[in-house]
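Notes follow once the structure below has been shown.
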Amino acid sequence: MRRLITLSVLAALAGTTVTAAQAEPGGCLKYGAVGAVGGHVANHGVLGAVGGCITGMYRRHVYRKEAKQKAALYDQEHPGAKGTYAQKATAYDVEHSTQPGKMNPDAAPQTGAQPGQTQQAQPALPSRATPTSKS
């Protein structure tokens with residue numbers, strides 16, 4: 001029982017380390033290794049490795065696809081810019097305050113304002129408190 005708990009804790013730590021340590025997702029080898037550890041805990045090491053490999057390839061594919069979309073947007077804003085699609089995607093992330101792997105910024109207000117414009121404060125409305133009458 002103690003060995004099972006130790007292996008599951010190690011698998012969880014390895015999984016979080018692999019996904020958080022890289023800007024680009026790990027791919028077949030890294031996810032496959034984590035899947036093999038997780039599968040070993042459940043006595044299905046090969047099945048876990050295959051599942052981890054497939055997951056890693058898919059996550060890297062999605063990341064690269066989005067990076068190419070960001071690079072295309074960067075090219076629209078900066079015609080004639082030089083660099084790889086990864087460099088352009090990073091520049092797009094910096095300019096638009098997005099995180100790698102996410103097209104839209106997390107903290108941006110969804111009020112319809114154009115990027116770069118600041119929101120003006122609304123004037124305070126007068127309160128409609130009724131005066132109290134003394135008897």
Side-chain angles (χ1 to χ4, degrees):
M1 181 68 177
R2 186 175 206 181
R3 180 177 175 206
L4 179 67
I5 292 171
T6 303
L7 287 175
S8 61
V9 169
L10 287 174
L13 287 174
T16 57
T17 303
V18 168
T19 57
Q22 297 264 341
E24 184 173 273
C28 185
L29 291 177
K30 291 181 183 177
Y31 277 81
V34 172
V37 171
H40 176 73
V41 170
N43 293 325
H44 294 289
V46 174
L47 192 60
V50 170
C53 180
I54 291 170
T55 302
M57 289 189 314
Y58 176 74
R59 296 219 2 125
R60 184 172 278 183
H61 166 75
V62 169
Y63 179 85
R64 287 181 178 170
K65 181 179 175 183
E66 188 168 299
K68 288 179 183 177
Q69 290 172 346
K70 288 180 183 180
L73 290 172
Y74 186 80
D75 282 337
Q76 288 176 354
E77 294 174 1
H78 306 281
K82 305 244 185 245
T84 65
Y85 75 89
Q87 292 169 337
K88 291 178 184 178
T90 302
Y92 181 85
D93 288 339
V94 170
E95 286 182 4
H96 296 281
S97 300
T98 60
Q99 294 180 355
K102 295 184 180 180
M103 279 296 274
N104 299 322
D106 289 336
Q110 300 294 329
T111 58
Q114 296 295 326
Q117 293 179 346
T118 58
Q119 293 286 334
Q120 295 181 352
Q122 295 285 338
L125 297 175
S127 66
R128 296 185 178 233
T130 56
T132 58
S133 60
K134 294 184 181 181
S135 315

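Start at 1 with the first residue, then count along the sequence. Reckoned from all heavy atoms, side chains included, excluding hydrogens, waters and symmetry mates.
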**Fill in**
Residue set satisfying side-chain contact (heavy atoms from CB on, under 4.5 Å) with Gln87, at least two apart, ordered chain then number -> Thr84

**Arg64 CZ to Tyr85 OH distance, which is reported to the nearest 0.5 Å** = 5.0 Å

**Asked** Which distance, rounded to the nearest 0.5 Å, do you find between the OH of Tyr74 and the CG of Asp93?
**Response** 11.5 Å

**Message:** So Glu66 and Lys70, do their side chains get closer than 4.5 Å, heavy atoms only?
**Reply:** yes

**Asked** Can you check whether Arg60 reaches Tyr31 side chain to side chain, under 4.5 Å on heavy atoms?
**Response** no

**Asked** How many angstroms lie between CZ in Arg59 and NZ in Lys30, if you round to the nearest 0.5 Å?
**Response** 13.0 Å

**Request:** Of all the heavy-atom pairs spanning Lys82 and Lys88, show the shortest one and how long it is.
**Result:** C-CE, 4.1 Å

**Prompt:** With a cutoff of under 4.5 Å between side-chain heavy atoms, which Ile, Leu, Val, Met, Phe, Trp and Tyr residues group with Val62?
**Reply:** Tyr58

**Message:** Quick check: closest heavy atoms across Ala67 and Ala89, and the distance to 0.1 Å?
**Reply:** O-CB, 3.5 Å

**Fill in**
Rounded to the nearest 0.5 angstrom, the OG1-CD distance for Thr90 and Glu95 is 11.5 Å

**Message:** His44: which residues meet the ring pair (Phe, Tyr, Trp, His ring centres under 6.0 Å) condition with it, sequence neighbours left out?
**Reply:** none

